[in-house]
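One structure is given here, and the rest of the page talks about it.
By convention in this document, chain letters (A, B, ...) are assigned in the order of the sequence lines, proteins followed by strands, and residues within each chain are numbered from 1. Any value given below was found using the heavy atoms of this structure, including those in side chains, with hydrogens, waters and symmetry copies removed.
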There are 2 protein chains.
Amino acid sequence: MRRTPVGRQTRARGIPEATVARLPLYLRALTALSERSVPTVSSEELAAAAGVNSAKLRKDFSYLGSYGTRGVGYDVEYLVYQISRELGLTQDWPVVIVGIGNLGHALANYGGFASRGFRVAALLDADPSVVGSTAAGLPVRHMDELESIVDSQQVSIGVITTPPGAAQQVCDRLVEAGVTSILNFAPTVLTVPDGVDVRKVDLSIELQILAFHEQRKSGEEPEEGRPAEEPARERAPGPVRAAAAKLRRAAGAAKDAKELGENDRQAVLPA
Amino acid sequence: MRRTPVGRQTRARGIPEATVARLPLYLRALTALSERSVPTVSSEELAAAAGVNSAKLRKDFSYLGSYGTRGVGYDVEYLVYQISRELGLTQDWPVVIVGIGNLGHALANYGGFASRGFRVAALLDADPSVVGSTAAGLPVRHMDELESIVDSQQVSIGVITTPPGAAQQVCDRLVEAGVTSILNFAPTVLTVPDGVDVRKVDLSIELQILAFHEQRKSGEEPEEGRPAEEPARERAPGPVRAAAAKLRRAAGAAKDAKELGENDRQAVLPA
DNA sequence: ATGCGTTTGTGAACGTGTGCACAAAGATGG
DNA sequence: CCATCTTTGTGCACACGTTCACAAACGCAT
């Protein structure tokens with residue numbers, strides 16, 4: 001029973017995932033240097049521009065091969081090309097966006113989309129009142145056309161910006177039609193067959209992580225609850241009934257933060 | 001010269017970063033169970049719903065304390081409360097959104113924003129033609145009001161959805177005004193003082209990572225260039241001039257994927 | 001040619017994260 | 001009250017990622 005909801009495949013041709021995730025960062029910094037006609041750059045400089053450690057950067061580049069010159073640094077244009085090639089950005093990637101709500105609109109209008117080889121092949125939505133309108137000069141087409149578009153345009157990347165309730169269904173259709181990489185903005189765990197990559201972007205999760213650290217800063221209580229287990233939280237003493245009673249109190253405080261029908265919300269951004 | 005562009009602080013009160021990043025996932029799955037009035041859940045079930053390994057989930061929860069009951073599982077409502085509390089979601093987090101372009105609009109309209117304790121304190125923009133309009137029922141106010149709003153409403157979290165060129169400047173003002181956590185949608189490396197957290201959401205990076213893996217799938221060349229270093233890429237033979245000459249050829253192919261004035265683009269989504 | 005200063009590339013140590021596998025703990029039924 | 005069954009909590013081993021520190025490589029000046 002192999003489940004691969006996210007599919008973190010390890011070490012494709014020896015390049016670590018962590019390195020792959022940083023290559024776009026380097027590429028962006030290098031592109032900026034290239035525009036300023038800077039010919040070469042040292043690992044120290046580039047690392048500063050990309051916001052990483054210089055040793056890490058050198059090790060990252062070492063996985064791509066030895067493109068630097070000792071005593072000098074890296075040739076900017078050459079590196080731009082090598083990283084672009086490694087990331088597969090020298091070819092064209094047609095992309096479909098499914099779910100043209102607020103976020104879908106924003107993505108369709110996204111200028112940086114067309115650059116770096118990504119091309120919006122089609123905008124899709126299930127809502128008849130949205131279908132037919134245009135976003136960023138492109139017509140919004142009906143979901144029914146999904147299969148034919150993916151097939152005819154050889155789309156291998158799909159972006160899901162639907163409400164969470166529709167995400168898995170849309171995902172299944174995309175995969176069935178031949179899409180093998182999915183960028184998911186819906187706050188849902190997508191289950192896909194082996195061989196399909198899913199990455200998720202989740203605003204809510206990022207905010208919650210920030211809130212966690214923020215709480216640490218302000219509520220810098222004197223080593224909260226290290227000496228004798230903090231007062232508000234004690235070890236569950238009895239069987240489930242006791243815990244259930246305790247939670248009845250707790251539930252009141254939590255209910256505020258719980259909205260109804262999370263899966264039916266129209267918003268297209270992660271919840 | 002301590003630089004902390006991203007600031008990954010390790011192990012706050014013993015809870016690993018990786019665990020913190022998963023807590024919102026568990027919370028979401030638990031909220032769904034709670035709405036279906038499911039009283040208890042086993043680590044196996046919950047792990048499946050959250051898309052993670054059950055052993056990992058149990059270890060994650062063990063950092064929060066021992067909230068489970070052996071032979072039974074976890075009490076859903078109780079866990080919802082405990083995780084909410086741990087993440088700091090039982091309190092109110094006023095948030096400002098700076099840069100009301102396409103994405104700013106999408107975020108303002110984002111329903112899941114108000115839930116989980118996050119409240120939009122203000123929408124800000126520098127463009128006079130945008131200031132005064134409303135988004136999601138809130139008026140867009142001018143950047144000039146940033147400081148007074150942050151101060152009066154005790155805002156500690158800021159969301160940056162400006163063009164990349166303005167991001168660092170906005171960031172500086174937010175930090176100066178008292179914001180200590182920033183969610184950055186602009187494709188820029190933000191430099192902040194110690195004590196300020198920055199998290200970034202970057203569509204372009206996610207797409208490029210997908211493209212990388214996608215390239216691996218289709219172009220499954222027979223172990224590309226392992227036996228004798230692939231032909232197109234050879235070791236730099238001479239001094240910089242030779243490398244520079246080589247890149248001249250390469251540059252042509254790379255130029256397609258390079259747009260001009262990346263920092264001036266109006267789009268508010270990551271490039 | 002030789003030496004000097006600079007910067008890369010990487011071995012090695014360390015820290016973090018993951019997953020197995022199992023003992024301990026509780027529920028449940030007789 | 002004991003036996004059995006389920007599920008948690010965690011010790012341990014391993015994989016992955018990060019950082020240090022330094023030898024090797026290179027440009028350049030003499």
Residue-phosphate contact under 4.0 Å: [X] side-chain N/O, [N] OP1/OP2:
X	N	result
B:R70	C:dT28	no
B:S43	D:dT8	yes
A:Y74	D:dC26	no
B:K56	C:dG19	yes
B:N53	C:dC20	yes
B:R22	C:dT18	yes

Q. B:Y67 pairs by ring pair (Phe, Tyr, Trp, His ring centres under 6.0 Å) with which of B:F61, B:Y26, B:Y78?
A. B:Y78
Protein-nucleotide distance ([X], atom [atom1]; [N], atom [atom2]), rounded to Å:
X	N	atom1	atom2	value
A:Y63	C:dT8	OH	P	17 Å
B:E44	D:dG9	CD	P	14 Å
B:L64	D:dT8	CG	P	15 Å
B:D60	C:dG19	CG	P	11 Å
A:Y26	C:dT8	OH	P	13 Å
A:E45	C:dT6	CD	P	14 Å
A:L79	C:dT8	CG	P	11 Å
A:D75	C:dT8	CG	P	13 Å

Q: Check step by step if side-chain contact (heavy atoms from CB on, under 4.5 Å) holds for A:V179 and A:I157.
A: CA-CA 6 Å; A:V179 166; A:I157 300 179; 5.7 Å; no
(Q) Can you work out whether A:A18 or B:A55 has the more 5'-proximal nearest nucleotide on DNA chain D? (A) B:A55
Q.
Between B:R85 and B:T90, is there a side-chain donor-acceptor contact under 3.5 Å, judged purely by atom types and distance?
A. no
Q.
Salt bridge check, A:R28 against B:D202: does any charged N sit closer than 4.0 Å to a carboxylate O?
A. yes
Q. How long is the gap from OG on A:S84 to CD on B:Q208, to the nearest 0.5 Å?
A. 8.0 Å
Q: Can you figure out which of C:dT8, C:dA27, D:dG27 approaches the side chain of A:R58 most closely?
A: C:dT8
Q) Any donor-acceptor pair under 3.5 Å between the side chain of B:K59 and the base of C:dG19? A) yes
